[in-house]
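Labels below follow one simple rule: chain letters A, B, ... track the order of the sequence lines, proteins then strands, and each chain is numbered from 1.
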Protein chains: 2
Amino acid sequence: MRTTEQYGRKAELALTMWVKLARASTTFGRLTGKDIEQHGLTQPQFGVLEMLGHLGPLTIGDIGKRMLVTGGCVTVILDNLEKEGQVERIRSSEDRRVIKVQLTPKGESTFKTTFRKHAERVAELSSVLSEEEQIQLSTLLKKLGLSLRDKQ
Amino acid sequence: MRTTEQYGRKAELALTMWVKLARASTTFGRLTGKDIEQHGLTQPQFGVLEMLGHLGPLTIGDIGKRMLVTGGCVTVILDNLEKEGQVERIRSSEDRRVIKVQLTPKGESTFKTTFRKHAERVAELSSVLSEEEQIQLSTLLKKLGLSLRDKQ
DNA sequence: TTCAAATAGTTTAAGTTTGAAATACTCCAT
DNA sequence: ATGGAGTATTTCAAACTTAAACTATTTGAA
């Protein structure tokens with residue numbers, strides 16, 4: 001008995017779509033994760049460096065929201081990055097609850113060298129798709145992602 | 001300075017595409033995860049039930065390959081499902097290293113009720129995209145995923 | 001036949017993430 | 001000005017995953 005017959009055409013379409021999406025996401029994460037580890041960083045650590053490198057100092061809360069990760073998790077990631085001297089916490093003077101996180105000079109330099117390589121790698125991993133296809137995919141994913149954000 | 005200028009057009013396209021993909025995947029996982037938890041199952045447990053429900057008995061190795069997860073992890077997931085009486089391990093008589101895992105009657109019934117709801121939910125979560133768009137997205141993801149599989 | 005290599009699965013330690021409780025601080029209505 | 005509600009971050013225990021070491025079994029070449 002085919003899935004189509006059991007759950008209907010709409011569900012079948014959606015289910016297979018999400019399976020492919022999850023697989024692509026996981027596999028991509030594994031591949032780039034291996035690269036990142038070779039620079040002595042974990043994936044989430046790299047995520048934070050990238051964010052700070054591109055956006056400048058951010059609060060712990062902002063980092064968590066952007067990475068879709070809880071605050072407790074950000075704390076741990078930052079503890080480890082701080083031990084390595086890649087970032088520093090700076091307590092805000094306006095609102096003393098808030099902590100701004102920023103790259104140290106060492107973090108700056110780590111960011112620059114690792115991110116360039118990462119960008120090249122990502123471009124290479126995506127090269128099966130033409131530029132047009134990548135734009136198409138981005139557009140569809142954006143539509144899907146935005147709608148998901150508003151759900152439950 | 002825009003990312004485009006720093007890393008080139010190709011990298012920019014690919015990077016934003018992957019960010020959107022990861023976000024969609026994570027958010028989708030969170031939403032469906034909440035549903036699944038309400039049936040007393042974790043996401044990976046549900047994944048195994050679904051697989052066995054649709055494909056019949058599988059070996060531990062097969063399950064790991066399909067879920068993109070290590071064997072050690074499958075062992076733990078199965079231990080917990082077995083405690084709940086949802087699945088059973090059956091040592092193969094042809095090759096005594098091999099274990100086949102199959103649903104118990106209880107597992108069958110859990111699978112049937114939970115999966116139907118899951119399918120409806122997934123269809124609903126995907127309904128921002130038309131059927132045609134979902135097919136387009138699937139096609140692009142498949143192309144991307146297949147190419148990724150062969151890398152490094 | 002026999003033993004080394006390969007394969008299937010489990011165990012273990014270490015790392016990551018989550019959610020809830022705790023702490024510290026700010027804001028606002030009284 | 002003051003107390004309660006709300007916000008930012010950390011701490012902690014529990015759950016999941018991985019990688020590597022280990023056990024049990026099979027395969028195949030000498």
Side-chain angles (χ1 to χ4, degrees), chain A residues 22-23 25-27 29-38 40-49 57-84 87-102, chain B residues 22-23 25-27 29-49 52 57-84 87-102:
Chain A
R23 271 181 192 285
S25 182
T26 302
T27 310
R30 295 273 164 79
L31 287 172
T32 55
K34 295 258 191 262
D35 299 340
I36 290 167
E37 273 165 33
Q38 300 188 336
L41 294 169
T42 66
Q43 269 179 262
Q45 285 171 6
F46 177 76
V48 171
L49 283 194
L58 292 172
T59 67
I60 311 264
D62 285 342
I63 294 173
K65 270 178 215 138
R66 284 177 182 275
M67 289 184 65
L68 304 182
V69 131
T70 60
C73 186
V74 177
T75 295
V76 176
I77 298 168
L78 289 180
D79 287 347
N80 292 326
L81 280 174
E82 213 171 21
K83 263 179 225 149
E84 297 292 327
V87 303
E88 53 195 349
R89 288 170 159 100
I90 296 180
R91 176 76 62 177
S92 162
S93 49
E94 303 135 42
D95 182 341
R96 295 188 41 70
R97 291 169 304 180
V98 173
I99 289 177
K100 285 265 186 183
V101 185
Q102 64 181 32
Chain B
R23 273 182 191 282
S25 182
T26 303
T27 310
R30 295 273 163 78
L31 287 172
T32 55
K34 295 260 189 261
D35 299 340
I36 289 167
E37 274 166 32
Q38 300 187 337
H39 297 281
L41 295 170
T42 66
Q43 276 186 79
Q45 284 171 8
F46 177 76
V48 171
L49 284 193
L52 297 176
L58 293 173
T59 67
I60 312 262
D62 284 341
I63 294 174
K65 269 178 216 140
R66 285 178 182 275
M67 289 183 64
L68 303 182
V69 131
T70 60
C73 187
V74 177
T75 294
V76 175
I77 298 168
L78 289 179
D79 286 347
N80 292 326
L81 280 173
E82 212 171 22
K83 265 181 221 146
E84 298 291 327
V87 302
E88 53 194 349
R89 287 172 160 100
I90 296 181
R91 178 78 60 179
S92 162
S93 50
E94 302 136 42
D95 182 340
R96 294 187 40 71
R97 290 169 306 181
V98 173
I99 289 178
K100 284 265 186 183
V101 185
Q102 64 181 32

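- Among the nucleotides dG9(C), dT11(C), dT9(D), the one closest to any side-chain atom of Thr59(A) is dT9(D).
- Residues that satisfy the side-chain contact (heavy atoms from CB on, under 4.5 Å) test with Gln102(A), not counting sequence neighbours, are Pro57(A), Glu88(A), Ile90(A).
- Judged by distance alone, the side chain of Arg66(B) and the main-chain N or O of Val48(B) form no donor-acceptor pair under 3.5 Å.
- Atom CG in Asp79(B) sits roughly 14 Å away from atom C1' in dA15(D) (whole-Å rounding).
- One atom, CG of Leu78(A), and another, C1' of dT10(D), lie 11 Å apart when rounded to the nearest Å.
- Gln43(A) places its CD atom 17 Å from the P atom of dG15(C), with the value rounded to the nearest Å.
- Within 4.0 Å of Lys65(B), counting heavy atoms only, lies no atom of the nucleic acid at all.
- Nucleotide dT9(D) holds its C1' atom 15 Å from the CG atom of Leu58(A), rounded to whole Å.
- Cys73(A) pairs in a side chain to side chain contact (heavy atoms under 4.5 Å, CB included) with only one of the listed residues (Thr75(A), Val76(A), Val69(A)), which is Val69(A).
- For Arg96(A), the side-chain contact (heavy atoms from CB on, under 4.5 Å) partners at least two apart in sequence or on another chain are Arg91(A).
- Atoms CG and CD1, from Leu78(A) and Ile60(A) in turn, are 4.5 Å apart once rounded to the nearest 0.5 Å.
- Scanning for side-chain contact (heavy atoms from CB on, under 4.5 Å) contacts around Lys34(B) gives an empty result, with sequence neighbours left out.
- Using a 4.0 Å cutoff on non-hydrogen atoms, the parts of residues 89-101 of chain A near DNA chain D are Arg89(A), Arg97(A), Val98(A), Ile99(A), ordered by number.
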Let's go through Arg89(A) and Asp79(A) carefully: what are the C-alpha distance in whole Å and the side-chain angles of both, what is the deciding distance for side-chain contact (heavy atoms from CB on, under 4.5 Å) to 0.1 Å, and is it a yes or a no? CA-CA 10 Å; Arg89(A) 288 170 159 100; Asp79(A) 287 347; 3.0 Å; yes
I'd like to know whether Met67(A) forms a side-chain contact (heavy atoms from CB on, under 4.5 Å) with Val74(A), so could you lay out the CA-CA distance, the side-chain angles of the two residues, the decisive distance to 0.1 Å, and finally the verdict. CA-CA 9 Å; Met67(A) 289 184 65; Val74(A) 177; 5.7 Å; no
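- Atoms CD (Glu37(A)) and C1' (dA19(D)) sit 11 Å apart, rounded to a whole Å.
- Atom CD1 in Ile63(A) sits roughly 10 Å away from atom P in dT10(D) (whole-Å rounding).
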Tabulated below should be each protein N or O lying under 3.5 Å from an N or O of nucleotides 16-18 of chain D; please produce it.
| residue | atom | partner | partner atom | Å |
| --- | --- | --- | --- | --- |
| dT18(D) | OP1 | Arg30(A) | NH2 | 2.8 |
| dT18(D) | OP2 | Thr70(B) | N | 2.9 |
| dT18(D) | OP2 | Thr70(B) | OG1 | 3.3 |

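- Here Arg97(A) pairs with Asp95(A) under the salt bridge (Lys or Arg N to Asp or Glu O under 4.0 Å) rule; sequence neighbours left out.
- Leu41(A) has its CG atom 15 Å from the C1' atom of dG15(C), to the nearest Å.
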